[in-house]
K.L.:
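Input: one structure, supplied below.
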Amino acid sequence: MRLSAFPLNTLRETPSDAEVVSHQLMLRAGMIRRLASGLYNWMPLGFRVLKKVEHIVREEMERAGALELLMPAVQPSELWQESGRWAEYGPELLRMKDRHQREFCFGPTHEEVITDIVRKELSSYRQLPVNYFQIQTKFRDEIRPRFGVMRAREFLMKDAYSFHLDEESLREGYRIMRNAYVRIFDRLGLEYRPVSADSGAIGGSVSEEFHVLADSGEDAIAFSDGDGYAANIELAEALPPSSARPAAQQKLAEIETPGIRSIAELTAFLSVEAEQCVKTLLVEGDESALVALVLRGDHELNPLKAEKLDGVAVPLRMADAGQIGDALGCEPGFIGPVGLSCPVYADHSALALADFVCGANRADCHLTGVNWERDADLPLAADLRNVVEGDPSPSGQGNLHIARGIEVGHIFQLGTKYSAAMDCAVLDENGRSIHPFMGCYGIGVSRIVAAAIEQNHDDKGIIWPQPIAPFEVVLVPINWTKSQRVRDAAGKLYTELRERGMDVLLDDRDLRPGVKFADAELIGIPHRIVIGDRGLDAGKFEYRYRRSEENEDIAVDEVFEKLGAASAG
RNA sequence: CGGGGCAUGGCGCAGUCUGGUAGCGCAUCUGCUUUGGGAGCAGAGGGUCGGCGGUUCGAAUCCGUCUGCCCCGACCA
């Protein structure tokens with residue numbers, strides 16, 4: 001591509017409403033333009049990247065034996081009524097009516113449609129297993145779209161659905177998809193991790209997410225330094241402390257703590273460690289009005305774990321100040337486990353404390369020297385907290401570390417939820433009708449583009465991994481308009497590189513070199529070759545790798561070798 | 001949905017408090033000079049100041065209303 005024929009609208013200034021670096025750089029590089037909240041135009045430069053990601057995903061899906069098809073983005077409500085999700089799915093589902101007042105939705109996912117296809121098309125176990133996939137625009141009406149295409153409402157997704165005669169076949173199909181995902185993310189050139197994940201309301205037993213590691217990631221993941229254990233922090237189990245609870249030493253005392261509501265304020269006020277304090281959260285119960293959850297002061301509640309406790313309402317709802325006032329006669333900020341009449345769960349770590357500090361269930365008062373059994377009834381023990389850096393791994397090997405990740409893929413063993421609800425059946429070898437076991441496998445194609453930038457950028461701009469770079473190499477001729485030799489040399493190199501199948505960008509604009517360098521760095525082209533009279537005198541081009549700080553003079557006939565070697569590495 | 005904020009040329013902003021008919025930087029266009037890290041000079045184009053209504057001799061500015069967008073809220077015990 002000649003840049004003189006490619007409108008490249010780069011911005012020197014950062015648009016004010018872009019918060020994360022990928023969003024800023026995608027706007028500055030002219031890859032995307034916002035159309036409305038959560039809706040983006042993919043400009044030619046950005047679309048090239050999107051297509052490259054899509055291409056790798058498609059190739060590996062096909063290699064794994066999946067069959068590509070295309071389902072409508074708009075789906076009739078009837079199918080969603082059948083699965084029960086028309087009612088279950090909240091306002092994230094964009095619903096609409098056609099001119100005959102029939103209800104439709106813009107598909108956020110396609111389990112219903114694919115199940116409908118399979119029940120109509122397949123009738124024998126001989127046709128299983130099968131895996132269908134599509135790469136298609138999805139819409140989810142996010143509460144708060146943000147971070148550009150990272151959390152957009154409309155986005156490009158690869159979704160695949162497999163159908164199996166039995167669970168063993170499902171596990172095999174899942175394993176094949178998992179391997180395909182590993183190949184995909186390897187090929188994309190990203191640092192990533194597959195982690196165990198919550199299968200949530202969708203059901204099924206096994207589910208893994210693929211995360212691109214980046215400090216700005218919205219998810220926290222925990223992984224062990226002792227073995228391959230890795231899990232979303234939502235799921236990572238916190239093991240109970242190995243040491244027994246120490247004996248009580250202090251007496252119970254009530255102290256005045258006017259206006260001291262948070263653990264941070266309490267530790268400053270009393271000069272105690274957060275680890276010696278306990279916080280008591282009240283959540284709504286499904287039978288009793290409220291349920292108390294007790295955590296060590298330095299720990300965070302894991303809402304997913306709390307939701308799974310008997311007696312806790314789903315979804316988890318924190319009690320508000322009014323409910324707390326009615327039940328305890330005090331405000332939030334002064335709650336403690338002593339003398340509570342509602343069901344109480346305590347995290348293992350909180351339960352292992354002696355002589356701890358907690359709220360007194362009276363305004364502006366806390367208790368010190370509190371001990372379980374002596375002062376407060378022994379609560380039910382549970383794992384309630386998020387794991388923290390250094391916790392022992394639940395795998396029994398090593399300690400946990402916490403990293404941040406961007407979820408770019410999610411694979412599930414679904415089971416028969418949809419095939420049963422929608423009565424999708426085939427005959428098995430005994431002539432009996434069975435509901436196939438299903439797996440589903442998603443990849444956020446457009447999100448991968450943003451995630452790649454989050455992981456690969458510097459203060460000058462994007463640094464594309466070569467497999468998804470919009471162009472692999474940029475040629476920067478110096479003094480293009482005036483120097484015939486530069487034009488000849490650059491033109492020749494451009495043609496030769498293209499003949500070798502490379503994506504080449506020739507910056508033939510009549511601009512000063514500084515502008516061209518800055519643009520090339522901003523849009524993140526991995527390889528740069530500068531062609532100038534100065535170098536041509538010596539029979540050399542100047543080569544620079546995007547990640548490098550230094551130039552390298554290479555002989556004219558070394559270019560192909562250089563780029564070949566660089567692309568291989 | 002609740003709280004806060006913003007809306008002025010393609011982008012980033014000033015002007016609003018204190019009403020007098022719109023300005024700066026970047027970008028764009030023309031000419032000349034310049035050509036190894038976002039050039040210089042000279043000139044030019046582009047804005048119903050988000051919409052509607054009101055107050056006023058006069059509104060970007062004051063009042064009301066609507067719309068759009070952004071941020072925070074889901075860990076407070």
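Below, chain A is the first sequence line, B the second, and so on; all start at residue 1.
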K.L.:
Any idea which of C72(B), C26(B), C69(B) is nearest the E19(A) side chain?
P.N.:
C72(B)
K.L.:
With no hydrogens and no angle check, is any side-chain donor or acceptor of Q276(A) less than 3.5 Å from a backbone partner on A354(A)?
P.N.:
yes
K.L.:
Would you call R404(A)-E454(A) a salt bridge at under 4.0 Å N-O?
P.N.:
no
K.L.:
Determine which nucleotide pairs with G68(B), using a 3.5 Å limit on both distances of a Watson-Crick or G-U wobble pair.
P.N.:
C6(B)
K.L.:
Round to the nearest Å and state the distance from F147(A) atom CZ to C70(B) atom C1'.
P.N.:
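My rounded result for the distance is 12 Å.
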K.L.:
Can you tell me if CZ on R509(A) sees more than 12 non-hydrogen neighbours from other groups inside 6.0 Å?
P.N.:
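Above 12, so yes.
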K.L.:
Between D391(A) and R385(A), does any side-chain N to carboxylate O distance fall below 4.0 Å?
P.N.:
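Salt bridge: yes.
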K.L.:
If only atom types and distance count, is the side chain of W464(A) paired as donor or acceptor with the main-chain N or O of I523(A) below 3.5 Å?
P.N.:
yes
K.L.:
Looking only at atom P, what distance separates U61(B) and G50(B), rounded to whole Å?
P.N.:
8 Å
K.L.:
Given that G333(A) and R12(A) both sit by RNA chain B, which one's nearest nucleotide is further toward the 5' end?
P.N.:
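Its nearest nucleotide lies further toward 5', so the answer is R12(A).
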K.L.:
Below 4.0 angstrom from OP1 or OP2 of C70(B), is there any side-chain N or O of S37(A)?
P.N.:
yes
K.L.:
Once rounded to the nearest 0.5 Å, what's the spacing between atom OG of S271(A) and atom CG of L266(A)?
P.N.:
10.5 Å
K.L.:
Strictly by Watson-Crick or wobble contacts shorter than 3.5 Å, is anything paired with A39(B), and which nucleotide is it?
P.N.:
U33(B)
K.L.:
Okay, side chain of R487(A), backbone of T481(A): is any donor-acceptor separation there less than 3.5 Å?
P.N.:
yes
K.L.:
If you measure from the P atom in G37(B) to the same atom in A44(B), how many Å do you get, rounded?
P.N.:
32 Å
K.L.:
What is the ring orientation for W372(A) with F356(A), classed by angle as parallel under 30°, tilted 30 to 60°, or perpendicular over 60°?
P.N.:
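Geometry flag for F356(A) against W372(A): tilted rings.
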K.L.:
Over how many whole Å does the gap from K516(A) atom NZ to G38(B) atom C1' extend?
P.N.:
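Atom NZ in K516(A) sits about 13 Å away from atom C1' in G38(B).
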K.L.:
Could you let me know what G45(B) is paired to, Watson-Crick or G-U wobble, both distances under 3.5 Å, or none if it's on its own?
P.N.:
none
K.L.:
Taking any strand in view, what nucleotide pairs with U18(B) in a Watson-Crick or G-U wobble way, both distances under 3.5 Å?
P.N.:
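Result: none.
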K.L.:
When the distance from CG of L266(A) to P of C76(B) is rounded to whole Å, what number comes out?
P.N.:
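Whole-Å distance recorded here is 15 Å.
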K.L.:
Answer yes or no: does a side-chain N or O of T280(A) lie under 4.0 Å from OP1 or OP2 of A77(B)?
P.N.:
no
K.L.:
Under a 3.5 Å limit for both distances, which nucleotide forms a Watson-Crick or G-U wobble pair with C1(B), could you say?
P.N.:
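Partner of C1(B): G73(B).
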K.L.:
Under 4.0 Å between a side-chain N/O of R146(A) and OP1 or OP2 of C70(B), yes or no?
P.N.:
no
K.L.:
Pick the closest RNA chain B nucleotide for I263(A) and for D17(A) by heavy atoms, then say which residue is nearer the 5' end.
P.N.:
D17(A)
K.L.:
Between the protein and nucleotides 34-37 of chain B, are there any N/O to N/O pairs under 3.5 Å, and if so, what are the atom names and distances?
P.N.:
residue : atom : partner : partner atom : Å
U34(B)  : O2   : R512(A) : NH1          : 2.7
G36(B)  : N1   : E542(A) : OE1          : 2.8
G36(B)  : N2   : E542(A) : OE1          : 2.2
G36(B)  : N2   : E542(A) : OE2          : 2.2
G37(B)  : O6   : R528(A) : NH1          : 3.0
G37(B)  : O6   : R528(A) : NH2          : 3.0
G37(B)  : N1   : E521(A) : OE1          : 3.3
G37(B)  : N1   : E521(A) : OE2          : 2.8
G37(B)  : N2   : E521(A) : OE1          : 2.2
G37(B)  : N2   : E521(A) : OE2          : 3.4

K.L.:
Between R146(A) and E19(A), is there a salt bridge with N-O shorter than 4.0 Å?
P.N.:
no
K.L.:
Working to the nearest 0.5 angstrom, can you tell me the gap between D17(A) CG and R34(A) CZ?
P.N.:
6.5 Å
K.L.:
Quickly work out the H23(A) NE2 to C11(B) P distance and round it to whole Å.
P.N.:
13 Å
K.L.:
Just to be sure I understand the rule, does D298(A) reach a base, reach only the sugar-phosphate, or reach nothing, if contact means heavy atoms closer than 4.0 Å?
P.N.:
nothing
K.L.:
For nucleotides A14(B) and C1(B), find the distance between their P atoms and express it as a whole number of Å.
P.N.:
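Nearest-Å result for A14(B) against C1(B) at atom P: 29 Å.
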K.L.:
Within less than 4.0 Å of OP1 or OP2 of A74(B), is there a side-chain N or O belonging to R144(A)?
P.N.:
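So the side chain of R144(A) is outside the cut-off, no N or O lying under 4.0 Å from OP1 or OP2 of A74(B).
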K.L.:
When the C1' atoms of C76(B) and G68(B) are compared, how many Å lie between them, rounded to an integer?
P.N.:
33 Å
K.L.:
Where do N or O atoms of nucleotides 2-10 of chain B meet protein N or O atoms at under 3.5 Å, pair by pair?
P.N.:
none

K.L.:
I need the residues from residues 371-383 of chain A with at least one non-hydrogen atom less than 4.0 Å from RNA chain B; give them sorted by number, or say none.
P.N.:
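Nucleic-acid contacts, sorted: none.
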K.L.:
When the C1' atoms of G20(B) and G5(B) are considered, how many whole Å apart are they?
P.N.:
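One C1' to the other, the span is 30 Å.
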K.L.:
Are a donor atom and an acceptor atom from the side chains of N456(A) and R547(A) found within less than 3.5 Å of each other?
P.N.:
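Yes, side-chain donor-acceptor contact under 3.5 Å.
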K.L.:
Calculate the interatomic distance between R28(A) atom CZ and C26(B) atom P; express it in whole Å.
P.N.:
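Answer to the nearest Å: 16 Å.
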K.L.:
Separation of I335(A) atom CD1 from C76(B) atom C1', in whole Å?
P.N.:
9 Å
K.L.:
Please check if the side chain of D383(A) supplies one atom and the backbone of A238(A) the other of a donor-acceptor pair under 3.5 Å.
P.N.:
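Side chain of D383(A) to backbone of A238(A): a pair is present.
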K.L.:
Have a look at R33(A) and say if it touches a base, only the backbone sugar-phosphate, or nothing, with a 4.0 Å heavy-atom cut-off.
P.N.:
nothing
K.L.:
Which of parallel (below 30°), tilted (30 to 60°) and perpendicular (above 60°) describes F6(A) and F471(A)?
P.N.:
perpendicular
